[in-house]
*Asks:* 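Got a structure for you, written out below as structure tokens; questions coming shortly.
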Amino acid sequence: MSDSPRYRFAPSPTGMFHVGGARTALFNWALARSNGGTFVLRIEDTDEVRNKPEWTQGIIDSLAWIGITADDPHFEGPLFQSNFAAGHLAAAERLLGSGHAYYCDMTTEQIQERAAAEGVTGYGGWSRDRGLGPAVGNVLRFRVPPGVTVVHDEVRGDVEFDNEAIEDFVLVRGNGHPVFNLANVVDDIEMRITNVVRAEEHLPNTPKQQMIWEALGATPPAWAHVPVLVNEQRKKLSKRRDKVALDSYRDDGILADAMVNYLMTLGWTMPGAEAAGTEIFPWSDIESAFRLSDVNLSPAFFDIKKLTAFNGEYIRRMTVDDLAEACGPWLPDEWGPEPFRSMVPFVQERLKTLADAPGTVDFMYADEPVIDQQSWDTTMSTEYARSLLADAVEAYAALPEGDWTHTILKATLEDVMTTYELKLGKAQAPVRVAVTGRTVGPPLFEALEVMGSDESIRRMRAALARLGV
RNA sequence: GGCCCGUUCGUCUAGAGGCCUAGGACACCACCCUCUCAAGGUGGCGGCACGGGUUCGAAUCCCGUACGGGCUGCCA
């Protein structure tokens, strides 16, 4: 039991779940599940978080959307940092008692003045041997030992840090509150975390955390720092400048499976993808194939175009029923299920996102098609447009009741167009624009069949009237 | 300033010294198919940051340079 790996995932609880965080979560999740371990969701418990329970719920919901569900036996949490607040201070006491920490009364300003006066940068450990005791305003600092700290990283190998370059950092503030690095490590120890997989921006702080682990007599976890996600400027994806909210992609009609699959291609490649000629794989395969040692080292650009392409492929793989169901939230409330449902087979391969769905059939729901002027002008200005449309209406109106099917509709128009010596590509255009208002859209004859003869013929006649026929 | 990390087509990547005339995916372009648009098929464009080593041989190992990013708080 005790030696099953425990992977900790600690997103920053800012009320918005980041796509980069989603990818890190997925890495942890794949590892936890395929190694028989546990995915531990830990949320920092600040005053702000405590006052906004919806933030925590938002994280849980976002994780659930990408398949990381709280009812899975590999999932544990959410656990909150504050449960261990007393433990944080107790750990600080132990560090003080063992000589790994000492008190310091210097303010930030004093440190800067002193550094400037001596022509150096940083703190310099000036209170190390002053033997100060606890007092209001005094901070507790970690006594960084001489030597070298080696971080064994499962992605990047051994990374060495010269301890000379690491300042005696603060563990407990002057107001008695523990600092992130301390709280984080104590929580990790308390929660028996064995593996830390996180973004590479945390790598420079890792030696400090590792020193705390060791000073506390604990065995540090297996570290892994994965590359960050960047924007087109090669800067770390930021909430301010970039579209990073996972929810925003869901709202744009991206499928969770497509998002998950795409995210996993950033920094990692499914073995066999090259031979398969595709990067689309089911999560179950990805989960069992994922290895940290295969993750690459450089930052990746989050490419919405590629995400969208993946999404189109996932949409095409859905069943018609599932797709119709999935599109529901994007259809206007006043629309009934038909004729959309009947059109799904014809629009499926045209959708890149679920949000595209209404735009493919909106002409059917409108009382009159919205005429795109440019489509109308270019299509109806031909010599043959009027008379061909008139002939088509006549032929369609003459069709017996049961003959309003796409095959007969197509054959009928082909019959009409022979007198004009046109190909179907040209001949269908006036009919299409008359009925849909546009030159592009789902297959015409199928659409006519779904709309029915009365409405189709009415629209064509309305177009003729508009043409002055 | 100091420290750390990184650098293969536009983008994501494969590549562990000869299999590389550097492969795949997305994007883009052309053609085919085709009732429009798509989807699908075929083909094309396009890259090892630079300079030195090591080696019979380097995208791959070493050193340096350049460029990019990150960290360096009594933030998390």
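The chains referred to below are lettered A, B, ... by the order of the sequence lines, with proteins before strands, and numbering in each begins at 1. In what follows, every heavy atom counts, from backbone to side chain, and hydrogens, waters and symmetry copies are set aside.
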*Asks:* What about A:Glu446, does its side chain sit under 3.5 Å from the base of B:C35 through a donor-acceptor pair?
*Replies:*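 Indeed, a donor on one side and an acceptor on the other fall under 3.5 Å apart.
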*Asks:* Counting the benzene-type ring for Trp, do A:Phe169 and A:Phe180 have ring centres under 6.0 Å apart?
*Replies:*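 Not close enough - the centres of the two rings lie 6.0 Å or further apart.
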*Asks:* Measuring centre to centre across the rings, with the benzene-like ring taken for any Trp, is A:Phe142 within less than 6.0 Å of A:Tyr102?
*Replies:*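 No.
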*Asks:* Provide the Watson-Crick or G-U wobble partner of B:U65, both distances under 3.5 Å; none if there is no partner.
*Replies:*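 The answer is B:A49, by the H-bond criterion.
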*Asks:* For A:Glu274 and B:C26, give me the distance from atom CD to atom C1', rounded to whole Å.
*Replies:*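 Computing the A:Glu274:CD to B:C26:C1' distance gives 15 Å.
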*Asks:* Less than 6.0 Å separating the ring centroids of A:Trp404 and A:Tyr396?
*Replies:*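 Centroid separation for A:Trp404 and A:Tyr396: below 6.0 Å.
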*Asks:* Check every strand shown and say whether A:Gly267 touches a base, only sugar-phosphate, or nothing at a heavy-atom separation below 4.0 Å.
*Replies:*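 Result for A:Gly267 = sugar-phosphate.
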*Asks:* Report which part of the nucleic acid A:Leu266 touches: base, sugar-phosphate, or nothing (heavy-atom distance under 4.0 Å, all strands).
*Replies:*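 Result for A:Leu266 = sugar-phosphate.
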*Asks:* On the side chain of A:Glu279, is there an atom forming a donor-acceptor pair with the base of B:G24 - under 3.5 Å, no angle test?
*Replies:*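 Between B:G24 and A:Glu279, which were checked side chain against base, a qualifying N/O pair under 3.5 Å is present.
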*Asks:* Under 4.0 Å, heavy atoms only, any strand: does A:Met264 hit a base, just the sugar-phosphate, or nothing?
*Replies:*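 No contact.
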*Asks:* Watson-Crick or G-U wobble partner for B:U42, using a 3.5 Å limit on both distances?
*Replies:*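 With both distances under 3.5 Å, B:U42 matches B:A30.
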*Asks:* Distances under 3.5 Å only, N/O to N/O: pair up the protein atoms with those of nucleotides 28-30 of chain B.
*Replies:*
none

